[in-house]
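Order of listing sets the numbers, starting from 1, for every ligand and every atom in it.
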Amino acid sequence: MLPQRVTIVEVGPRDGLQNEARPVATADKAAFVRRLEAAGVRELEVTSFVSPRWVPQLADATELLGQLRRPAGVRHHALVPNVPGLERLLALPDEARPQEVVVFGAASEMFSRRNLNCGIDESIERFAPVVARAHAAGLVVRGAVSCALGCPFEGPIAPAAVGRVVGLMRGIGVDHVGLADTIGVGTPGRVREVVEAAAAHYPLTDLSGHFHDTYGQALANILACLDLGLARFDASVAGLGGCPYAPGATGNVATEDVVYLLHGLGIDTGIDLDALADAGAWISERLGRPSASRAGTALHARRRLPT
Ligand code: HMG
Ligand code: MG
């Protein structure tokens with residue numbers, strides 16, 4: 001039984017724009033978020049409160065959120081690696097403050113060190129006060145687990161390693177967990193094993209998938225997750241994305257492609273696919289390159305055909 005409704009968390013403004021070589025103006029980021037919201041996207045990972053030395057692309061997090069007026073029913077998310085990051089987020093006025101904080105760890109020790117400058121266990125120690133203070137402020141906390149299917153430095157990752165870090169996240173009170181294929185190497189059978197390892201610690205309703213599409217497996221992996229009962233996926237319009245600390249990783253699965261798949265299966269997303277494809281075309285033009293979304297490109301080509 002497939003779910004009747006799936007929640008898409010649009011991560012283009014964060015996962016997408018964190019990986020852009022050329023700076024994107026804050027006003028363009030705000031316009032991008034507004035277009036996504038106008039297309040019916042209700043959950044958006046807008047930015048990160050990380051060190052600007054590590055990710056200069058998102059150094060304008062406070063300014064960007066200050067420029068946005070969140071429409072009713074829309075939830076904003078932001079990555080937060082440590083207490084200083086949470087303090088920056090909490091300094092925002094209520095109406096600009098994201099409702100969901102994402103602490104991001106890894107199932108790979110080497111990736112954790114490259115991305116966070118500390119090992120897995122130490123990352124959990126750093127996240128613990130972030131979770132406690134975020135909860136005290138009434139925020140929801142998601143835990144992202146990078147390299148759940150493979151690591152650019154360590155190679156294949158055992159599902160037990162994923163289970164271990166998911167259990168540690170449970171131990172510090174993280175509300176729900178996203179399993180991330182950072183370098184897009186997973187295939188459906190392996191994805192099933194990883195979801196099962198995580199499901200020892202969280203109900204399936206509190207697990208989500210985040211698939212980079214490096215090897216073209218993301219939609220197949222999403223379908224495998226749907227079969228297991230997951231109903232929440234991250235995706236990035238126009239297939240933007242990547243992690244500056246994950247060499248070889250390409251963009252996330254394109255939101256337009258995921259929405260096309262879900263609507264084709266009769267699953268409701270609340271998203272207007274044509275308006276979403278327009279948002280994807282708009283940001284691709286601003287970034288000066290073609291969209292990586294197959295569905296987005298096809299929809300635009302069809303509009304140009306004589307009727
Ligand atoms: P560190 O260098 O060990 O930290 O980095 P530090 O405490 O020594 O601080 C270094 C400098 O950064 C200091 O400034 C701090 O004040 C400042 P200085 O004294 O040199 O001027 N600083 C901060 N400034 C603002 N906000 C903060 C903050 N923290 C420190 N929050 C740290 C440790 C965690 C900070 C660093 O490693 C970091 O920021 N890493 C983030 C890397 C990142 O954002 N990666 C991409 C996101 S993860 C991802 O894309 C994967 C995902 O999509 C899922 C998937 O696909 O796998 C989620
Ligand atoms: Mg990612």
Which value, rounded to 10°, describes the NE2(His212)-the Mg ion (ligand 2)-OD2(Asp15) angle?
-> 100°
Judged by heavy atoms only, the candidate from Asn117, Val11, Asn82 nearest atom 3 (O) of ligand 1 is Asn117
Out of Gln57, Arg88, Arg53, indicate the one that has the non-hydrogen atom closest to atom 25 (C) of ligand 1.
-> Arg88
State, with a plain yes or no, whether a side-chain heavy atom of Val9 is found less than 4.5 Å away from one of Ser208.
-> no
Ser48: heavy atom below 4.0 Å from ligand 1, yes or no?
-> no
Under 4.0 Å from atom 46 (C) of ligand 1, is there any protein heavy atom?
-> yes
Considering only non-hydrogen protein atoms, determine which one is nearest to atom 32 (C) of ligand 1 and report residue, atom name and distance to 0.1 Å.
-> Leu116 O, 4.2 Å
Answer with side chain, backbone, both or neither: which part of Asp15 has a heavy atom less than 4.0 angstrom from an atom of ligand 1?
-> side chain
Heavy atoms only: which of Val50, Asn115, Leu89 is nearest to atom 40 (N) of ligand 1?
-> Asn115
Carboxylate-amine/guanidinium contact Asp234 Arg14, below 4.0 Å | no
Contacting atoms of ligand 1, where contact means under 4.0 angstrom from a heavy atom of Pro52 = 24 (N), 25 (C)
Do Leu92 and Pro98 have side-chain heavy atoms sitting under 4.5 Å apart?
-> yes
Just to confirm, does any protein heavy atom lie below 4.0 Å from atom 16 (O) of ligand 1?
-> no
